[in-house]
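Letters A, B, ... are given to chains in the order of the sequence lines, protein chains preceding strands, and every chain is numbered from 1. FYI, side chains are in, hydrogens and waters are out, and symmetry mates aren't considered; it's all heavy atoms of this structure.
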Amino acid sequence: MSQRELPPNFSSAEVEAPLYEKWVAAGYFTPDVASDKVPYTIVIPPPNVTGSLHIGHALDHTLQDILIRMKRMKGFAALWLPGMDHAGIATQNVVEKQLATQGLSRHDLGREEFVKKVWEWKSESGGAILGQMRRLGDSVDWSRERFTMDEGLSKAVLTIFKRLYDAGLIYRAERIINWCPRCMTAISDIEVDHSDDEGELVSIRYGEGEDSIVVATTRVETMLGDAAVAVHPDDARYTHLIGKTITLPLVNRQIPIVADEHVDPEFGTGAVKVTPAHDPNDFEIGQRHSLPNFVILSPEAIVIGTGTDFDGLDRFEARKAVVKTLRAQGRIVAEKRPYIHAVGHCQRCDTTVEPLLSKQWFVKVDSLAKAAGDAVREGKVKIEPESLSPRYFEWVDNMHDWCISRQLWWGHRIPVWYGPNGEVIVTGPDENAPAGYTQDPDVLDTWFSSALWPFSTLGWPEETADLKKFYPTSVLVTGYDILFFWVARMMMFGLFATDGVPPFHTIMLHGLVRDKFGKKMSKSRGNSIDPLEFMDMYGSDAVRFTLARGANPGSDQALAEEWVAGSRNFATKLWNATRFAMMNGATVEGDLPEFESLNAIDRWILSRLNSTISEVDVLLETYEFARACELIYHFAWDDLCDWYLELSKEAFATGTAHDSKRVLGHVLDQLLRLMHPIMPFITEELWTNLTGGESVVIADWPTSNPLHEDAAGEKLILQVQEIITEVRRFRNDQGIKPSQRIPGQFHAPEEFARYESAMRFVLRIDHPEEGFFTASKALEIGKFKIELDLSQSVDVVAERARLSKDLAAAKKDRETAIVKLSNEGFMAKAPENVVVEIKARLAKTDSDIERISTQLEQLPSA
RNA sequence: GGGUGCUUAGCUCAGUGGUAGAGCGCCUCGUUUACACCGAGGAUGUCGGGGGUUCGAAACCCUCAGCGCCCACCA
């Protein structure tokens, strides 16, 4: 009769698309700028567009969407700032790789053609991602999409650049920067990943006889560019050499021996070779001692201009060759191999980064970073969870100047023009350089424009209505891994551009998604998870719920297919429960019956609903997604499905459930609203079917009702649950099948009388008939007693085992209670309520022990 | 080297002073009128080791051990 029914797959276009269109039609994605309520905005991160949805993006969007949906249901003018169309080096890399398959590089195409190709690729992949985000129920305002390269953002970039330049915070200088010989561009400090690699530490003797000195290096080839040898000024071993010159081997250049505080006399020989053009430390030493910069590597990292035979060799070939030659000359004093040391790699392509002397544009970060740190220190901006704020401070307080120029073609062109006579001008929006000027060929670091996101997307620098209404934004939700890249920079630029207004008041940081063993996901490991696959298999709601359920503030989450399957099961459970409720006439029509007039079962579920609503509300407001999901899960599954529906079945079956139909309708109505942000699609479908309402997306957020708090009702049902569980355990131990009906007689206190029939229904215990054999078996739970007529004899062995186990447990409880109560310290210092509780526990164990002992004695001796 | 976490049931993780929890997995029984993507029942942990504070510690302090992440210009 009952037919198995499964909900539709809410990730399929047929089911998801109409719901989505409905939300659009309901105006859900258009923020109500006229709303009186305080606006609520969330900033979403600009994902690295790679053409497919990364699980990390899915997590970002899920959490953000949950907050936005909740706020909109609460009546806020909530807005979600989009950020899909962001351009990074990653974007350029993808296209370069495509070109490489045809044996081409970007230089073969030329700047214009290349940018065109990137655009083409982006519109395809960007579109694909938009569609994928939609399947998660993403409540982004699509009309605000595509900001990166359009005029709106360009204007913001030009404005901020000029302001910073005029304020003296952008400058051009020749510095040692991180250079990627593969990408052929400068990259900033944080785009360099350090890893401990196997290298070599080679000690080389410079000079002859008494004036010789030994230096050690891991990059032997750089000795070709040495400009000096440095020692510590207080190092007695070398004082006689300071100021002298020495011959640099292979190159035969005379180089001075200088004294510099930077040198650590404890390390190695206490003498260090100085290569100002190829090492940041050495560059500084060079500056202090006016040393020349010998550039010996090309942008491709090929040795050049040394006048030696090594010219033309790749840096790594040159390293070997130089060692070989020096060894032949007897100048190698020691070689340590392998020598493990930190080596910088390009974050994008993993190529070993080369420190290179180069003329680049920088942002002077001192004042900006200070302000960014102070905003958090002064409490203007809160980092959630707070435990991650030291990470922020550590970085913001120790930041180097930020290299913002990139020798790439995709991105915002640096708005600096050079005149024929060496003039330098910066053009703001709507300004043009005079004829004959040429523009700087470099583009800006992608994070330069990203840092403008919170206000550029709102129309800044224009004083738009959106900007007035929604800036500063309320909360930024993102992974902690992006704290330095993006968050700190938004803080710096936001504070600068808007005269001290921080771009958001809360930074909510979530963790990273890892595989089911808690291991980092990586392509090479093959443990990457594709959220789209899971959405296809289990539905978008299941993926969302899984991600939200795992999102404990600031900590990583392990994700496996089993969890997603479990969430899908939960969705199915909800689907079936609602279907069952509606079959039994659950309704939202009319007023809720007077609370006091309801039976304890109804009052209990309303009371439980009440506390669930208030707790979930608090948890979501404090970004405790995982705990909110747990509460909802257990309320829906345990309280509602396993207990309320089971206990109400008898009333529904006998047609005596008028009030319960209304209560059940109310509970589901409220529960579905509460769950909507977490499982948008299925709740929309169920809620509209149940209530006939237009859309749950525009329904009011549920509020707790203090009148529905009912401690007495909860206590009574708790006892009913204990009784039922005990009887079930007995039946199970006795090997009585769940479906087998047995006759039984209830002896219970007055307050249980009203619920006897419900309990009989659940327990499958029939009223006694003629010939009822009362002596067969009596179960006692507290003051409650059930006599059962077992047609077969009682399984004495099983029953003895069961009772013995209960007895042992009770005795153990009694023991711990007695120990506590006879402890003078405890009695003197423990708070009153704890003492009362322990005393009650003791009383209970006393009566339990007596009852169980009696039962044991009455058992036939096998 | 600096910073910061973690160590609780087979696995992944909750749990900030009052008798140890969840999900998954495992064992037994079961098509009972929502649901086998299910129901009922069950087993499983001296809460990393050692000290200390406290009437009472998984939780607070010290220490040791192991693991992780971030940052870092030590040749």
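Residue-level contact check: N823(A) touches the backbone only, with heavy atoms under 4.0 Å from sugar-phosphate atoms and none from bases. Counting any heavy atom pair closer than 4.0 Å across all strands shown, F484(A) reaches sugar-phosphate atoms only and no base atom. A828(A) comes within 4.0 angstrom of nothing in the nucleic acid, heavy atoms only. Nucleic acid contact for F393(A): none, since no nucleic acid atom lies under 4.0 Å from a heavy atom of the residue. Using a 4.0 Å heavy-atom distance criterion, D642(A) is classed as a sugar-phosphate-only contact. In this structure, E394(A) reaches the bases: a heavy-atom distance under 4.0 Å links it to at least one base atom across the strands shown. Here H400(A) lies in heavy-atom contact (under 4.0 Å) with a base. Counting non-hydrogen atoms under 4.0 angstrom, K812(A) reaches nothing in the nucleic acid. Note on R728(A): only backbone sugar-phosphate atoms sit closer than 4.0 angstrom, heavy atoms only; bases stay farther off.
The partner of G48(B) is C64(B), by the rule that a Watson-Crick or G-U pair needs both atom distances under 3.5 Å. Under the Watson-Crick or G-U wobble criterion, with both distances below 3.5 Å, C73(B) is left unpaired in every strand shown. Pairing for G56(B) is absent, judged as Watson-Crick or G-U wobble with the two contacts each under 3.5 Å. The partner of C37(B), taking Watson-Crick or G-U wobble pairs whose two distances both stay under 3.5 Å, does not exist in any strand shown. With a 3.5 Å ceiling on both atom-pair distances, U32(B) lacks any Watson-Crick or G-U wobble partner. Within the shown strands, C24(B) is the pairing partner of G10(B) under the Watson-Crick or G-U definition, both distances less than 3.5 Å.
In this structure, the nucleotide among A40(B), U4(B), U12(B) sitting nearest to the side chain of P390(A) is U4(B). Checked against C35(B), A72(B), C74(B), the side chain of D264(A) finds its nearest nucleotide in C74(B). Closest contact between the side chain of E646(A) and the listed nucleotides C35(B), C70(B), C73(B) involves C35(B). In this structure, of A75(B), U12(B), G39(B), it is A75(B) that holds the atom nearest to the side chain of V263(A). Distances from the side chain of H634(A) to the nucleotides G23(B), U4(B), C73(B) place G23(B) closest.
Rounded to a whole Å, the CH2 atom of W637(A) is 15 Å from the P atom of A22(B). The nearest whole Å value for the distance from the CZ atom in F635(A) to the P atom in G23(B) is 17 Å. Rounded to whole Å, atom C1' of C67(B) lies 12 Å from atom CZ of R514(A). D397(A) places its CG atom 20 Å from the P atom of C70(B), with the value rounded to the nearest Å. Rounded to whole Å, atom P of A22(B) lies 16 Å from atom CZ of F545(A). We find that OH of Y480(A) is positioned 11 Å from P of C71(B), with the value rounded to whole Å. To the nearest angstrom, P of C35(B) lies 7 Å from CG of N576(A). Distance CZ (R391(A)) to P (C71(B)): 8 Å, rounded to an integer number of Å.
One finds no side-chain N or O of K844(A) lying less than 4.0 angstrom from the OP1 or OP2 phosphate oxygen of U19(B). Contact annotation: K516(A) side-chain N/O to C13(B) OP1/OP2 distance is not under 4.0 Å. In this structure, S555(A) reaches the A14(B) phosphate: one of its side-chain N or O atoms is under 4.0 Å from OP1 or OP2. Within the 4.0 Å cut-off from OP1 or OP2 of A40(B), not a single side-chain nitrogen or oxygen of T725(A) is found.
If you check distances only, the side chain of K737(A) never reaches the base of C29(B) with a donor-acceptor pair under 3.5 Å.
Between Y633(A) and F545(A), the ring planes are parallel. Angles under 30° get that label, and only those over 60° would be called perpendicular.
Comparing L640(A) and N569(A) by the nucleotide of RNA chain B that holds the closest heavy atom to each, the one mapping nearer the 5' end is L640(A).
The distance from the CH2 atom of W575(A) to the OG1 atom of T572(A) is 9.5 Å, given to the nearest 0.5 Å. Taking CD1 of I742(A) as the reference point, atom CZ of R764(A) lies at 11.5 Å (rounded to 0.5 Å).
Counting only N and O atoms by type, the side chains of T845(A) and K812(A) include no donor and acceptor under 3.5 Å apart. The closest side-chain donor-acceptor pair between S648(A) and S660(A), if any, does not fall under 3.5 angstrom.
A salt bridge between R568(A) and E561(A) is absent, with no side-chain N of the basic residue lying under 4.0 Å from a carboxylate O of the acidic one.
For R514(A), the side chain to side chain donor-acceptor pair (under 3.5 Å) partners at least two apart in sequence or on another chain are D556(A).
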